[in-house]
Every structure is written in structure tokens, then in C-alpha cells.
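Written out below as C-alpha cells is the structure these notes cover.
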Amino acid sequence: MTGHTQLAITPRDRFLETAQKELAAFEQREREFSRKERQERAAELQIPVYKGGLHS
């Protein structure tokens, strides 16, 4: 018996998928913005930038 194992994609599924992609893109932009901001503040204060850790 050959049946479809995947259900049809509903508008809600498409919406959720799009929302997840947009959230991931936003989070990536936010991480990059934070990284640049830390570097700018470190340069202003003339201190080294910590490059290790959880959120590098």
C-alpha cells in the first residue's frame, strides 16, 4: 500500500514556517548588531573585546 505520509501544507503551516524564518533572521541580525556595538564600546573605552564564551 502506497500512501502519502505527509499532510497537505495549510496556510497556517506556511505562516508558521515564514514566521520561524523571519525570527531566525531577526535573531541573526540582532546578534551581529550586538557584536558590533560591543566592539565599538570597547574601542571607545580602549579595552580588549572578549571573543570567547557563550554568545561570541
Side-chain angles (χ1 to χ4, degrees):
M1 188 184 288
T2 60
H4 289 84
T5 58
Q6 186 176 9
L7 298 174
I9 296 176
T10 65
R12 179 180 181 275
D13 293 334
R14 279 191 217 103
F15 173 79
L16 289 175
E17 183 179 328
T18 300
Q20 288 173 340
K21 287 179 182 179
E22 288 182 15
L23 180 59
F26 171 79
E27 289 172 339
Q28 179 64 35
R29 289 190 307 269
E30 183 66 20
R31 282 190 298 273
E32 182 65 22
F33 175 79
S34 294
R35 184 185 65 79
K36 287 180 181 179
E37 189 174 287
R38 276 194 310 273
Q39 288 176 337
E40 290 171 4
R41 282 185 286 156
E44 270 183 33
L45 298 172
Q46 298 178 349
I47 58 175
V49 177
Y50 178 68
K51 294 188 179 189
L54 298 174
H55 301 287
S56 60

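One is the number of the first residue; the rest follow in order along the sequence. What you see is a predicted model; the values in this text were computed from it and never measured.
With rounding to the nearest 0.5 Å, the separation of CZ in Phe26 from CZ in Arg31 is 10.5 Å. The distance from atom OG1 of Thr10 to atom CG of Leu16, rounded to the nearest 0.5 Å, is 7.5 Å. Rounding to the nearest 0.5 Å gives a distance of 4.5 Å between CD of Glu32 and NZ of Lys36. The structure places OG1 of Thr18 at 10.5 Å from CG of Asp13, a figure rounded to the nearest 0.5 Å.
Checked against Gln39 for a side chain to side chain donor-acceptor pair (under 3.5 Å), the options Arg41, Arg35, Glu37 give a single hit: Arg35.
A salt bridge links Glu17 to Lys21: at least one charged side-chain nitrogen sits closer than 4.0 Å to a carboxylate oxygen.
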